[in-house]
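First up is the structure itself, then whatever we jot down about it.
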Amino acid sequence: MQRRSVPLIAAILLGLFIIGCAHAPINAPLSRYQPNAGYRFANLTPGDNTDSLFVVLTFSGGGTRAASLSYGVLKALSETTITWQGKTKRLLDEVDLISTISGGSFTGAYYALFGDWTFDEFESRFLKRDIEGELTGELWNPVTLIRLASPSFDRIDLAAELYDRTIFEDKTYEALVSRPRRPFLVISATNMSLGERFDFTQDRFDQLGSDLSSYPVARAVAASSAFPILLSPITLENHPSPPGYEQPDWVKNALGDYNLNRRRYLQDKEWMVYHDKTDHPYVHLLDGGLADNIGLRYVTDSIRDADRPGGIRQLINQVKIDTLVVIIVNARTEPSEPIDKKARAPGVARVAMKTATVTMDNYSFETIELIKDIAVAREQAQRSVRDCRQLLAERCPAAAPPPELKEMKFYVIEVNFENIADPKEREEFLSLPTSFKLDPAVVDRLIQKGGDLLRQSPEFKDLLKELH
Amino acid sequence: MEYLIVHFPETRRVLIDGGDQGRTGDTIELEAGTYTVSLSPSDDIKPKKRRIMLSRTSPIMPKEITFAKT
């Protein structure tokens with residue numbers, strides 16, 4: 001062997017060693033099923049946070065733009081003082097649930113992990129950083145290039161490592177389990193095979209036979225923001241069901257509900273897929289925006305669906321909620337579209353972009369209308385009972401009145417750029433890009449705008465009248 | 001939504017598919033569908049469980065079911 005080939009062989013061996021060592025963390029199996037343990041809403045201690053005022057926040061996708069807008073809303077809630085059941089507190093301290101997608105997941109996860117430290121750290125830790133540049137820099141690192149040659153390590157794993165190291169301090173869900181206080185954080189991604197939402201909760205991980213507690217929060221955030229093609233999917237293992245885990249009653253019942261309630265039937269089919277460990281030994285997750293870019297579907301499901309343990313429906317039926325508040329932070333943009341000004345048909349890139357976003361935008365619109373419809377239906381049901389009882393009391397006092405329905409106030413508040421009054425400013429915000437790099441001055445304006453839009457909302461003003 | 005009231009001579013927790021959904025005598029809101037209804041505690045109750053199909057109710061005319069005390 002020639003002496004000069006020794007360094008080459010050593011470099012190849014080192015490269016192979018790095019490739020062999022490069023692997024992403026895997027979701028751990030669950031040793032036994034414990035419904036009273038793990039990251040579930042029902043396991044959180046309410047503390048001073050009441051059930052009677054139940055506040056839900058949803059943070060949409062949209063990169064740093066969405067993260068900044070939702071952070072502005074969090075900040076405004078921390079500056080809003082309310083009086084509820086004789087106690088004066090911040091409205092932020094009554095937030096029970098935060099459901100997040102993609103860019104919004106960074107804000108939600110940071111607040112759930114670090115609480116009020118968010119207001120000292122989050123801007124410099126995430127919002128005002130050039131995350132895109134840092135990821136690109138990592139990509140050109142020779143060691144990274146070698147690691148990426150491993151079949152167990154991909155671009156999304158690189159991103160998750162960066163988020164873990166520089167934003168989320170290597171925290172796993174155990175940090176949320178061991179500090180069991182509200183708000184409950186639900187980060188959502190999209191199950192690529194089912195095309196359905198995938199929530200990072202222990203209830204979902206039970207179906208994978210997996211323990212969420214040891215899973216890094218940064219990887220959930222990375223899955224939620226794994227924009228297709230730019231970033232690869234995150235993969236989870238679908239482990240065997242743990243001892244003690246049985247098919248819930250609702251699964252047996254919903255199987256026959258195809259004609260009666262198609263949504264419930266489909267949830268049942270989804271449950272079956274996760275329990276088919278032979279044909280589905282892995283689950284691949286993409287950006288949550290593909291299934292629901294608003295983060296609101298977890299909430300509408302939780303309000304309608306009694307099959308979810310610890311869900312909002314359960315609390316409503318238990319007559320625990322007097323006022324339900326859903327604040328939707330929607331960072332949707334609408335860049336001006338010049339294509340109709342030209343006779344020439346748009347090119348492939350523009351057609352591809354439209355194909356990817358048109359359906360998503362339409363679905364988001366319908367999702368927001370859906371929760372408004374749910375709120376109106378509840379109000380109508382309460383009014384029907386109230387009116388009927390009053391009519392009977394006036395005109396037929398001997399008749400038995402219909403059963404009472406608990407009076408519950410339901411506020412749906414949406415923060416979006418469409419509500420900016422000034423047309424020029426509105427267009428400016430509606431044209432902001434989706435990226436993980438924004439000028440710090442733009443970030444400051446987004447933070448300010450998030451708070452302003454919340455405070456200007458007529459529904460929010462109505463809510464504050466009730467809470468003072 | 002659909003509406004259900006479960007009757008029993010005493011106040012008990014109403015379990016729908018095993019999950020606590022309120023008390024006997026209160027209006028319980030559920031999506032249309034098939035459910036297993038039971039009460040807790042259930043020692044002195046007959047029958048122990050009832051399987052019901054919930055559809056076409058209203059808040060004025062909920063579905064009403066009764067469990068007897070043994």
Side-chain angles (χ1 to χ4, degrees), chain A residues 35 42 246-265 267-268 300-301 303-320 373-374 377-389 391-392 400-408, chain B:
Chain A
E246 291 176 0
Q247 189 184 51
D249 277 352
W250 74 264
V251 175
K252 296 170 203 162
N253 286 327
L255 204 56
D257 284 347
Y258 180 81
N259 290 315
L260 199 57
N261 186 340
R262 193 74 54 90
R263 198 183 299 116
R264 195 166 185 243
Y265 170 82
Q267 269 178 17
D268 190 298
T300 55
D301 285 354
I303 291 173
R304 285 189 305 207
D305 179 0
D307 300 325
R308 284 161 203 277
I312 299 172
R313 170 54 43 203
Q314 196 170 24
L315 293 174
I316 293 172
N317 280 336
Q318 290 173 351
V319 200
K320 288 183 175 170
D373 289 347
I374 292 172
R378 171 72 192 198
E379 167 58 25
Q380 283 173 340
Q382 290 172 188
R383 198 183 316 129
S384 298
V385 171
R386 204 165 51 228
D387 290 351
C388 184
R389 290 175 70 91
L391 266 178
L392 279 177
E404 283 188 86
L405 185 62
K406 153 100 177 162
E407 295 280 336
M408 183 185 83
Chain B
M1 297 299 285
E2 303 294 335
Y3 300 86
L4 169 72
I5 297 186
V6 180
H7 296 287
F8 186 70
E10 298 165 11
T11 300
R12 294 282 163 96
R13 303 308 302 178
V14 177
L15 307 184
I16 306 289
D17 290 340
D20 183 341
Q21 294 291 337
R23 296 176 307 183
T24 48
D26 287 345
T27 303
I28 294 170
E29 284 175 278
L30 300 167
E31 285 191 292
T34 311
Y35 297 95
T36 303
V37 185
S38 58
L39 301 183
S40 175
S42 65
D43 304 345
D44 54 350
I45 288 165
K46 196 177 166 184
K48 293 285 180 205
K49 283 181 181 180
R50 285 186 64 175
R51 197 159 183 259
I52 60 161
M53 201 171 77
L54 209 52
S55 73
R56 299 184 180 198
T57 64
S58 77
I60 310 290
M61 295 283 282
K63 185 178 183 75
E64 300 190 46
I65 61 169
T66 302
F67 285 85
K69 192 171 165 69
T70 56

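Within every chain, numbering begins at 1; the chains are lettered A, B, ... in the order of the sequence lines, protein sequences first and strands thereafter.
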**OP:** Let me know if A:R264 has heavy atoms under 4.5 Å from chain B in its side chain, its backbone, both or neither.
**Re:**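 The answer is the side chain of A:R264.
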Original post:
Of the backbone (N, CA, C, O) and the side chain (C-beta and beyond), which part of A:R389 lies under 4.5 Å from a heavy atom of chain B, both, or neither?
Top reply: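 Contact with chain B involves no heavy atom of A:R389 at all.
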**OP:** Apply side-chain contact (heavy atoms from CB on, under 4.5 Å) to the pair A:R313 and B:E31, showing each step before the final yes or no.
**Re:** CA-CA 10 Å; A:R313 170 54 43 203; B:E31 285 191 292; over 6 Å; no
Original post:
Is any side-chain heavy atom of B:I60 less than 4.5 Å from a side-chain heavy atom of A:S384?
Top reply: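 Yes, close enough: below the 4.5 Å cut-off.
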So which residue, [options], ends up with the most heavy-atom pairs under 4.5 Å with chain B?
options                        : result
A:P401, A:A377, A:P403         : A:P403
A:D305, A:L405, A:D257, A:L315 : A:D257
A:V385, A:I374, A:N317, A:D249 : A:N317

Verify the neighbour count for atom [atom1] of [X]: are there more than 12 heavy atoms of other residues, nucleotides or ligands below 6.0 Å?
X      : atom1 : value
B:R23  : CZ    : no
A:E246 : CD    : no
A:M408 : CE    : yes
A:E379 : CD    : yes
B:K48  : NZ    : yes

Original post:
Taking every heavy-atom pair that is under 4.5 Å apart, which of B:G33, B:G18, B:G25 has the most such pairs with chain A?
Top reply: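 Of B:G33, B:G18, B:G25, B:G33 has the most heavy-atom pairs under 4.5 Å with chain A.
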Original post:
Using non-hydrogen atoms only, which part of B:M61 is less than 4.5 Å away from chain A: side chain, backbone, both, or neither?
Top reply: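 Neither the backbone nor the side chain of B:M61 comes within 4.5 Å of chain A.
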Original post:
Can you say whether B:I16 sits under 4.5 Å from chain A via the side chain, the backbone, both, or neither, judging by heavy atoms?
Top reply: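 Contact with chain A: none, neither part.
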Between [atom1] of [X] and [atom2] of [Y], what distance do you get to the nearest 0.5 Å?
X      : Y      : atom1 : atom2 : value
B:R56  : A:L260 : CZ    : CG    : 9.5 Å
A:Q318 : B:D26  : CD    : CG    : 10.5 Å
B:T27  : A:Q382 : OG1   : CD    : 11.0 Å
A:K252 : B:T34  : NZ    : OG1   : 14.0 Å

**OP:** Indicate yes or no: does A:K320 engage B:D20 in a salt bridge with an N to O separation below 4.0 Å.
**Re:**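 A salt bridge is absent here (no side-chain N lies under 4.0 Å from a carboxylate O).
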Original post:
For B:L30 and A:A306, which heavy atoms make the closest approach, and how far apart are they?
Top reply: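 It is CD2-CB, 3.3 Å.
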